[in-house]
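In what follows, residues are counted from 1 in the order of the sequence shown.
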Amino acid sequence: RRSSASVKLYTAVAAAVAFLLLVGRDLYLAHLTEPLIPEDYHSAPLELFTLNGVSFYHIKGSFNHKWVSTALNEKLVSAVFEEVTNRACPTGGLIVDVGANTGIYGLYSAARGCRSVMFDPQPQCQRAILAAMEANGFREPRVRLMPFAATLNKASIKVTNQSQCLTSLSLAPKLNERHSKQLAGAVWYEVPTVRLDEVLQGPPELPIHLMKVDVEGAEYTVLRSAWRLFEQRRIKALTVEVSPPWWPQFGVSRTDMATL
């Protein structure tokens, strides 16, 4: 009897795991209530862009088009994405882009067949991503835009409702003030923040094949917000752009980052 009960229990557990892997893998963001995002994204101008030999629609005239092919740091990031997506995308692997900006890497990953989750709190960046998702035929839940800022302590932050998708908007208040002065008539409003390890909940068997973090000085708090993902060893590859001159704005020292 004990043997029979054990078999039944094992079968039930196995079935639950199979459900999570086959179905639940696309439900790990379902508990979120998404904030209002731009409804006029259909009018965003697009053009066909090619990265690492893969073509997809992206926002027209983006500074990122030149940046990814000329800047050394972006060329390195591009190479990492090419290597990881070569392995992960044939089986629908998961790629996470925190600080997605216009979504160039998340869209590239989706074009290669990966599941892609992109985080960015800027309205015009969200507009560019949504328009490109529609033009490329990328549908949820395989490709998702998360219009939140990722940070350790859930709260809300202010961002500008600017007319462009900034390439260097930071969550640090003093840096935001600097951008506000540069943008005449900038309107500030609150956006919700989330912890990555809460948003990206899932079984340990569901890996995040690559997580990119490009958050203009907020690296410490973003990585801390993903702590449980690291403990579960779900993140298989990580690329982070670090901005040491901006760390003091977040109360973070080089020692803090080294310890992390």
| query | Heavy-atom distance under 4.5 Å between the side chains of D214 and V98, does that happen here? | reply | no
| query | Is it true that L46 and L130 fall in one hydrophobic cluster, defined by side-chain heavy atoms closer than 4.5 Å? | reply | no
| Does anything in residues 69-93 pair up under salt bridge (charged side-chain N to carboxylate O under 4.0 Å, His left out), and if so which pairs, sequence neighbours excluded? | E83-R87
| request: Would you mind listing every disulfide (SG to SG under 2.5 Å) that reaches into residues 44-117, with sequence neighbours excluded? | output: C89-C114
| request: Output all residues satisfying ring-ring contact (aromatic ring centres under 6.0 Å, His included) with H209, sequence neighbours left out; order by chain, then residue number. | output: none
| Where at least one partner belongs to residues 247-258, residue pairs that pass salt bridge (charged side-chain N to carboxylate O under 4.0 Å, His left out), sequence neighbours excluded | none
| request: Using atom types as modelled and distance alone, determine if a side-chain donor or acceptor of Q232 lies under 3.5 Å from a backbone N or O of P203. | output: no
| field | Any side-chain donor near an acceptor of the partner, E241 and N73, under 3.5 Å | value | yes
| task | Using the test side-chain contact (heavy atoms from CB on, under 4.5 Å), find all partners of S55 that sit at least two apart in sequence or belong to another chain. | result | L48, T50
| said: Whether the side chain of E219 engages the backbone of S243 through a donor-acceptor N/O pair (distance < 3.5 Å, no angle test) should be reported. | reply: yes
| message | Would you compute the distance between atom CD1 of I95 and atom CE of M118 and round it to the nearest 0.5 angstrom? | response | 11.5 Å
| Shared hydrophobic cluster, L238 / L152 (ILVMFWY, side-chain heavy atoms < 4.5 Å) | no
| query | Counting only N and O atoms by type, is there a donor-acceptor contact under 3.5 Å from the side chain of N136 to the main-chain atoms of Y57? | reply | yes
| Say you draw a straight line from CD of Q124 to CG of N101; how long is it, rounded to the nearest 0.5 Å? | 11.5 Å
| field | Taking every non-hydrogen atom, the tightest pair across I59 and H65 | value | O-CE1, 3.4 Å
| task | Output yes when a side-chain donor or acceptor of R234 lies under 3.5 Å from a complementary backbone atom of L206, and no otherwise. | result | yes
| side-chain contact (heavy atoms from CB on, under 4.5 Å) partners of T259, counting only residues at least two apart | T255
| said: Suppose we screen for side-chain contact (heavy atoms from CB on, under 4.5 Å). Which residues come up paired with V80, at least two apart in sequence or across chains? | reply: V84, L210
| task | Hey, could you give me the CG/CG distance between L200 and L94, rounded to the nearest 0.5 Å? | result | 7.0 Å
| remark: Here the disulfide (SG to SG under 2.5 Å) pairs for residues 220-251, sequence neighbours left out, are none
| Are the side chain of D120 and the backbone N or O of Q126 linked by a donor-acceptor pair below 3.5 Å? | no
| query | For residues 88-106, which residue pairs qualify under salt bridge (charged side-chain N to carboxylate O under 4.0 Å, His left out), counting only residues two or more places apart or in two chains? | reply | D97-K212
| In terms of hydrophobic clustering (I, L, V, M, F, W, Y; side-chain heavy atoms under 4.5 Å; direct or indirect links), are Y105 and F56 co-clustered? | yes
| field | Closest non-hydrogen atom pair, P248 against P245 | value | CD-O, 3.5 Å
| Is there a side-chain contact (heavy atoms from CB on, under 4.5 Å) between I208 and K236 once you walk through the steps? | CA-CA 6 Å; I208 297 170; K236 303 306 179 183; over 6 Å; no
| task | Mind jotting down which residue pairs meet the ring pair (Phe, Tyr, Trp, His ring centres under 6.0 Å) criterion with at least one end in residues 124-143? Sequence neighbours excluded, please. | result | none
| field | Qualifying residue, where the test is side chain to side chain contact (heavy atoms under 4.5 Å, CB included) with L196 and the options are F119, W227, F148 | value | F119
| task | Working to the nearest 0.5 Å, report the span between CG of L107 and CZ of F49. | result | 11.0 Å
| message | If hydrophobic clusters are built from ILVMFWY residues whose side chains come within less than 4.5 Å, do M257 and V240 share one? | response | yes
| What pairs with N52 under side-chain hydrogen bond (donor to acceptor under 3.5 Å, both in side chains), at least two apart in sequence or on another chain? | S78, Y108
| Side chain S116, main chain G106, donor-acceptor under 3.5 Å | yes
| query | Looking just at side-chain N and O atoms, do T151 and T221 make a donor-acceptor pair shorter than 3.5 Å? | reply | yes
| query | What distance separates M133 CE from L145 CG, expressed to the nearest 0.5 Å? | reply | 6.5 Å
| request: Identify, with sequence neighbours excluded, every residue that meets side-chain contact (heavy atoms from CB on, under 4.5 Å) alongside R228. | output: R195, D197, E198, E231
| task | Kindly work out whether a path of hydrophobic side-chain contacts (I/L/V/M/F/W/Y, heavy atoms less than 4.5 Å apart) joins V54 to V77. | result | yes
| Under 3.5 Å, side chain of R115 to main-chain N/O of G92, donor-acceptor pair present? | yes
